Amino acid sequence: KAAADKKGADDKAAADKKAAADKAVADKAVADKKAAGDKAAAEQKAAADKAASDKKVADEKAASEKKAADKAAADKKGADDKAAADKKAAADKAVADKAVADKKAAGDKAAAEQKAAADKAASDKKVADEKAASEKKAADKAAADK
């Protein structure tokens, strides 16, 4: 009986030891699975955070590049508008300068023609006066002769 009792006690101890070992293995498997799940979740969150951060940086870079492109376009338009305005001003000035020059040339021509006409009139008058004086002298001589 004592031997049977000892065997019973030994069998129970062995069964308890095995059950404890099995529970430890099962607990470790559960803990490992949880740790792996936590690690995967943390890595996934880190990847999502990095993607969001990268997108924000890319968006800011794109916005900055668009702003620079818009400024360059505005600057070019400003330069083009100024060039067009300068060209128009130069053309307008050339037209005005030509009008002034034409008016002066017309004035000079009219003055020259007027002077030429006055000179001719004076010359014609001198010739007529000399002819009249000569005719009067001839008439006076004829009267004296008569």
Side-chain angles (χ1 to χ4, degrees), residues 7-146:
K7 184 180 183 304
D10 288 349
D11 289 349
K12 186 179 184 304
D16 289 349
K17 190 175 172 186
K18 185 180 181 305
D22 290 349
K23 185 177 185 301
V25 168
D27 288 351
K28 186 174 184 321
V30 168
D32 288 352
K33 190 176 172 190
K34 184 180 183 299
D38 291 349
K39 184 168 182 272
E43 284 171 356
Q44 204 171 341
K45 185 182 184 302
D49 289 349
K50 186 179 184 308
S53 165
D54 288 352
K55 184 180 183 302
K56 184 166 180 269
V57 168
D59 287 350
E60 283 169 0
K61 185 165 179 274
S64 159
E65 283 170 359
K66 184 183 183 300
K67 197 172 162 192
D70 289 349
K71 186 181 183 302
D75 288 351
K76 184 180 184 303
K77 186 180 182 299
D80 289 350
D81 289 351
K82 187 180 183 303
D86 288 351
K87 190 175 171 186
K88 185 182 182 302
D92 290 350
K93 185 178 183 302
V95 167
D97 289 352
K98 186 176 183 315
V100 168
D102 288 352
K103 190 175 171 189
K104 184 180 181 302
D108 291 350
K109 184 167 181 272
E113 285 170 356
Q114 205 171 342
K115 185 179 182 303
D119 289 351
K120 185 177 185 308
S123 164
D124 289 352
K125 183 178 184 300
K126 187 168 176 254
V127 168
D129 288 349
E130 284 170 358
K131 187 167 177 252
S134 157
E135 284 169 359
K136 183 180 183 299
K137 197 172 160 191
D140 288 350
K141 186 179 182 301
D145 288 353
K146 182 173 183 288

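Quick note: numbers below take in every heavy atom, side chains included, and nothing from hydrogens, waters or symmetry partners. Computed from a predicted structure; not experimentally measured.
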Roughly how far, to the nearest 0.5 Å, is [atom2] of [Y] from [atom1] of [X]?
X	Y	atom1	atom2	value
Glu130	Glu135	CD	CD	12.5 Å
Gln44	Asp49	CD	CG	11.0 Å
Lys109	Lys104	NZ	NZ	14.5 Å

For Lys17, side chain to side chain donor-acceptor pair (under 3.5 Å) partners two or more places apart:
none
Under the rule for side chain to side chain donor-acceptor pair (under 3.5 Å), what residues qualify as partners of Lys67, not counting sequence neighbours?
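Listed in chain order: nothing, the list is empty.
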Distance-only donor-acceptor pairs under 3.5 Å for side chains of residues 138-146, two or more places apart:
residue : atom : partner : partner atom : Å
Asp140  : OD2  : Lys136  : NZ           : 3.0
Lys141  : NZ   : Asp145  : OD2          : 3.1

